Structure formats: structure tokens, C-alpha cells
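Before any comments, here is the structure.
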Amino acid sequence: MRARAPGGCGANWLICPWRSQWHAFGGAILFEETVGQSTEKGIPFLEILRSQGVIPGIKVDEGLMDLAGFPGEKITIGLDHLRQRLTGYHELGLRFAKWRAAFEIGPDTPTEGSIVANVHELARYAALCQEAGIVPIVEPEVLMDGDHDIHRSAEVTKHVLRELFNQLNLQQVHLRCVILKPNMVISGLGAPVQATVTEVADTTVDCLMETVPAAVPGIAFLSGGQTPEEATEHLNAIHANYPDLPWPVTFSYSRAIQNPAMERWGGKKENVAAAQELLLQRLELLMLARRGIYQTSLEAKAAL
């Protein structure tokens, strides 16, 4: 069983778009095993989420495996029987889903074959979701692992996104009913020179403007290994410097929200309240970042 956040469930946190407007509600992306679980008092997680105005969704991919013929590259699995699974999820009241494809940057990767194979699966998944009345979140993640600079990250991210929207169109996916969950364009973790916050915001927005159709109703960034502070500061810079983007832009973070709370909790009941407070503080800081009014000085206050 996956570890659960204190007082809650294993999930990503998402502020959800609908049509062309952002409303004051959020979503939780659950793991399949979490959907049927309950609290210690026997209250189903789905019931708790709905009572708080949180829309439940689900991660439907089944992880990564080696891609045949492409040493060192991965393919996402889980399309088998997905149609039937989605029908069941819809009956349970789940209204959106998530599928992740991962691309690692190396001297000769990702290859064209790997990119096409993975984004084709993303498109097939999205079409099946829409058939079932479930909003698909498509997550093409270009990983931060490696020593590449931000320009190489931008090059690969643009290539992946261009091919993704090509495949979505080929599979007749309605772009107005899709949420894009991309990586921010960031230097590799091992790069000798790390891009500044402004460079990350500028390069990320440039990448999206060149590749993402205006018809897409919303973009929700993944945190992708950034620290909570980095993920918050980068999100803030995008909103502060680019207030008039053609799509609403928000966050769908997991580790960047939950890790500090999980560490504070440590599996001990007496730490639950403090861990919950940490989680709420990070969400509040991210909501400020979504408005472009976050300040790094607030981190010290949140730590008190």
C-alpha cells in the first residue's frame, strides 16, 4: 500500500479549469488502490473529498517499462482494458484521469521513435477518457535528470509537445476538453550552471507559446523533482511576468506539496496536526504564486 498523507489520501493536488475560466475548486488525483479506501472512522475517501468540494480523479497508467528496440528508453503501459476501467471509474464518480509519459534527456535521447510511441499512447488514452465522459490530463514529462542546460531542455520539450498535439489531432481528441500537465523548462539537475528563476519563466512560456494551441482550456504544471520553494517561485514568476497568457495556468504538484508534510508526519499520530499545517501552508503559498504575488520572504514565516 502506498503511504498516505496524514489525514488524507495519496494524491496529486490540482486546481481545475473548466471551459475558459478558473473556478475556486480543486481536484485530487488518486491512485487506484486509494479509491476504495476509508479513514480510520470508516468514511470513504471519495465521500470526504466530495464533501469538501474536491473533485476526485485517478491515475490510470500502470507505470513504465523498457521500450523494445530502444535501449535505455521507457514506454508507459496500461492501455489494455482501459475502456472498461474508465467506465467503472465514471460510475464511481471520478471525473478526470491522468496518464504520464516520461522522457529522459541524454546524448542521443529521447529518440524520435520513443517520443512518437509515448505520445501516441497519451492520445489513445485521451480519446478513451473522452469517450467515457472523463476529462483527460495528458502528462508528457521531460525529466530533470541529467547535466543538460535549459536550452537543451527547451529543445526536447518543444519537440515532445509538437508531436503530442499532432497525435491528439490524429486521434480526434477534443482539445477543449483536455488538461495539459507539462514540465517547466529547467536546467538538468547536474548542469554546472543552473538557469535563474526569470530564465525558467521566460523559456517555459516561450516553449508553450510555440507549441500549445489556444484551444487547450488549461495548463497545470508538474513539479518534477523541484523543491517546494523552487516550484513555488517558478510558478510565481510565470504569473507575475506573463499575466495575459492564452490559457489559465496553475499547478498539479505532488512531491512539492506533500514531501515536507510527509517528513514532518513520519508515521506518528502525534505529528498529524503539524504535518497538516505544513501541507496547508504550501497550498496557500502556491495560491499566492498563481496570482503572481508570492514572495520568498513568506517561506520563513511559513516555517515558524
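Owing to the predicted nature of the structure, the values given are computational and were not obtained by experimental measurement.
Separating the NZ atom in Lys98 from the CD1 atom in Ile29 is a distance of 5.5 Å, to the nearest 0.5 Å. Within the model, atoms OG1 of Thr227 and CD of Glu233 stand 8.5 Å from one another, a figure rounded to the nearest 0.5 Å. The distance from atom OG1 of Thr250 to atom CZ of Phe221, rounded to the nearest 0.5 Å, is 10.0 Å. Taking CZ of Arg95 as the start and CD1 of Ile134 as the end, the distance is 7.5 Å to the nearest 0.5 Å. Taken from CE in Met209 to NZ in Lys158, the straight-line distance is 12.0 Å, to the nearest 0.5 Å.
Nearest approach of Arg85 to Val60, heavy atoms of both residues: NH2-O, 2.7 Å. Across all non-hydrogen atoms, the minimal contact from Pro44 to Ser38 is CA-OG, 3.5 Å.
With no hydrogens or angles considered, a side-chain donor-acceptor pair links Arg282 and Thr232 at under 3.5 Å. For the residue pair Ser252 / Lys181, a side-chain donor-acceptor distance below 3.5 Å is found, with atom types taken as modelled. Under the 3.5 Å distance criterion, with hydrogens and angles disregarded, no donor-acceptor pair is assigned to the side chains of Gln258 and Tyr253. For the residue pair Glu299 and Tyr294, a side-chain donor N or O sits within less than 3.5 Å of a side-chain acceptor on the partner. A side-chain donor from one of Gln167 and Glu163 sits under 3.5 Å from a side-chain acceptor of the other. Looking at Gln130 and His174, their side chains never bring a donor and an acceptor atom within 3.5 Å of each other.
Checked by atom type and distance alone, the side chain of Gln194 pairs as donor or acceptor with a backbone atom of Gly188 at under 3.5 Å. Put simply, the side chain of Thr76 gets close to the backbone of Arg100: a donor and an acceptor are under 3.5 Å apart. Judged purely by atom type and a 3.5 angstrom limit, Asn118 uses its side chain to pair as donor or acceptor with the backbone of Lys74. Formation of a donor-acceptor pair under 3.5 Å by the Asn271 side chain with backbone atoms of Gly266 is not found in this model. In this structure a side-chain-to-backbone donor-acceptor pair under 3.5 Å is missing from Thr109 to Thr111. At least one donor-acceptor pair under 3.5 Å links the side chain of Thr211 to the backbone N or O of Cys207.
With sequence neighbours excluded, the residues satisfying side chain to side chain donor-acceptor pair (under 3.5 Å) with Asn183 are Thr157. Every ring-ring contact (aromatic ring centres under 6.0 Å, His included) that Tyr125 has, sequence neighbours left out, goes to Trp99.
The shortest side-chain heavy-atom distance between Val185 and Val200 does not fall under the 4.5 Å cut-off. Ile186 places none of its side-chain heavy atoms less than 4.5 Å from the side chain of Ile150. Counting heavy atoms from C-beta outward, Leu161 and Pro140 have side chains that approach closer than 4.5 Å.
Residues Glu155 and Arg152 are paired through a salt bridge, judged by an N-O separation under 4.0 Å between the basic side chain and the carboxylate.
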- Can you list the steps and then say if Val197 with His234 is a side-chain contact (heavy atoms from CB on, under 4.5 Å)? CA-CA 6 Å; Val197 171; His234 289 148; 4.0 Å; yes
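Crowding of Arg50 atom CZ: a count of heavy atoms from other residues, nucleotides or ligands under 6.0 Å exceeding 12. For Glu270, the CD atom sits in a packed shell: over 12 heavy atoms of surrounding residues, nucleotides or ligands are nearer than 6.0 Å.
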